[in-house]
Number of protein chains: 2
Amino acid sequence: MRASDSGSTDSGSGGTRRRSERTRGAILTAARIRFAADGYERATIRAIARDADIDPSMVMRYYGNKEGLFAAAVSIDLKMPDVAALPRDEVGRALVAHFLGTWEENEVLTALLRVGVTNPAGAERMQEIFRNQLIPVAHAVCPDPEQAPARAALGAAQLLGLALTRYVLRFPPAVALSREEIAAWLAPTLQRYLTAPSP
Amino acid sequence: MRASDSGSTDSGSGGTRRRSERTRGAILTAARIRFAADGYERATIRAIARDADIDPSMVMRYYGNKEGLFAAAVSIDLKMPDVAALPRDEVGRALVAHFLGTWEENEVLTALLRVGVTNPAGAERMQEIFRNQLIPVAHAVCPDPEQAPARAALGAAQLLGLALTRYVLRFPPAVALSREEIAAWLAPTLQRYLTAPSP
DNA sequence: GTTGTAGGCCAACAAGTGTTGACTCCCTTG
DNA sequence: CAAGGGAGTCAACACTTGTTGGCCTACAAC
């Protein structure tokens, strides 16, 4: 897969600097895969380095320590859609579809979930994302702004629970459901949590 | 807390055997607490032994190895209520209430969730529980028996997601919700997943 | 061509892990 | 009382982990 191979006919300025950035990237992608597959503790620096075809000490050189590597590997922007611009009754469906698409194309989310469950720093990171990226969405569609955090939490519980059973624990029936079926079932739930009057 | 203290005036047969069973129990409770708090990898046998006030080697003597200890520590019976005997439209509320009560009084569930996310054996254990204890509930109330597994998975996703955000990741709004509020929000969701016609 | 500098690798360290075997102590049984 | 066996302790093992410092190599500037 190595594009622009070792021929290194690349332009004059910065032949080595180029290479360093390529290995930094290799480390990050390897780290994301390992964190997603194994969680924080079992994703060893040695294994990540092996995947990236470099020496373990390079990880330390570039990212200081394991926590630094994790922090660099799992920064994520959920790119939440602008729900205020949607018809009010399509918010639930749009969010579920966006969530499924993002999760399946981006292993960082699985990594974050796996790490957040066992590592305090990971949990904090998830709280940040919830606070900065999810609550604002609720704020945009909730009838009562004061209820936005609670309603966002309910929606997050439903979506993260689905990710948990489908992508992490892999309950067979949860894996077998198609994305369309999931959207059909979950959309009304999200819609209600975010826009319906309090029960 | 040690009932019938070291006076050992207990009846003749089996003074030592009694003590052994007491330490077995101490190991199990310490293990449950540690697994719940730290997950599988970070819950070290040494820490568990320290909590139980015994030597690490005793853990090996009684449970063989760490996996054996885990298997012994997290066997659980959810004691699911007999939903067939309930009015059909109260199933959702009953399940949510039962779930919240069970989770808050039993740290084993948090342990299982934490371990299941990073450890294959833990995930398998959760799949077992889902298959043997949750699917039957869905079978008892689903209109179409063939859909029971999928509907059970949807319900499990919602409930586990709530446990995840409230008891493990501790999103502040999820922690702040009262059990009554949670029941009011989630009961209709469970009700729909289990009993409503397919969307 | 010489030199400085950054990229990269090797070997090693200290700490902590699960696990094992030999040892002591005490209670129960004859 | 003597003997047996199980409960419990101690010290050590082999191994893996994150992390460090010294060394080599190749490119860029002078």
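Lettering of chains follows the sequences in order, A, B, ..., and the numbering in each one begins at 1. Computed from a predicted model, the values in this text were never measured in an experiment.
Going from atom CD of B/Glu41 over to atom P of C/dG18 covers 10 Å, rounded to whole Å. As rounded to whole Å, 11 Å separates atom C1' of D/dG8 from atom CD1 of B/Ile27. Look at CZ on B/Phe70: it is 14 Å from P on C/dG18, rounded to the nearest Å. One atom, CG of A/Leu69, and another, C1' of D/dT19, lie 14 Å apart when rounded to the nearest Å. Between the CD atom of A/Glu21 and the C1' atom of C/dG7 there is a distance of 13 Å, given to the nearest Å. Regarding B/Tyr40, its OH atom lies at a distance of 12 Å from the C1' atom of C/dT17, rounded to whole Å. To the nearest angstrom, P of C/dG7 lies 9 Å from CZ of A/Arg24. Across the protein-nucleic acid pair, A/Ile48 atom CD1 and D/dG18 atom C1' stand 12 Å apart, rounded to whole Å.
For the contact set between residues 50-60 of chain A and DNA chain C, defined by any heavy atom under 4.0 Å, the members are A/Ile54, A/Asp55, A/Ser57, A/Met58.
A salt bridge is absent between B/Asp38 and B/Arg114: the closest approach of a Lys/Arg side-chain nitrogen to an acidic carboxylate oxygen does not fall below 4.0 angstrom. One finds no salt bridge joining B/Arg34 and B/Glu107 here, because no Lys/Arg side-chain nitrogen approaches an Asp/Glu carboxylate oxygen to under 4.0 Å.
A donor-acceptor contact under 3.5 angstrom links the side-chain atoms of B/Arg46 to the base of C/dG18.
Between the side chains of B/Gln147 and B/Ser198, at least one donor-acceptor pair of N or O atoms lies under 3.5 Å.
A/Thr189 has its side chain within reach of B/Arg192: a pair of non-hydrogen atoms, C-beta onward, lies under 4.5 Å apart.
Residues satisfying the ring-ring contact (aromatic ring centres under 6.0 Å, His included) test with B/Phe35, not counting sequence neighbours, are B/Tyr40, B/Phe70.
Comparing A/Thr44 and A/Arg61 by the nucleotide of DNA chain D whose heavy atom lies nearest to each, the residue mapping closer to the 5' end is A/Thr44.
Remark: the backbone N or O of B/Gly25 is paired with a side-chain donor or acceptor of B/Thr29 at under 3.5 angstrom.
Across all strands, B/Tyr63 comes closer than 4.0 Å to no nucleic acid atom at all (heavy-atom distances).
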Item to complete: Start with the C-alpha gap between B/Glu181 and B/Ser178, add the side-chain angles, then the distance that decides, and say whether side-chain hydrogen bond (donor to acceptor under 3.5 Å, both in side chains) holds.
Response: CA-CA 5 Å; B/Glu181 288 174 299; B/Ser178 71; 3.3 Å; yes
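For A/Lys66, the side-chain atoms get nearest to D/dT19 when compared with the rest of D/dG8, D/dT19, C/dT19.
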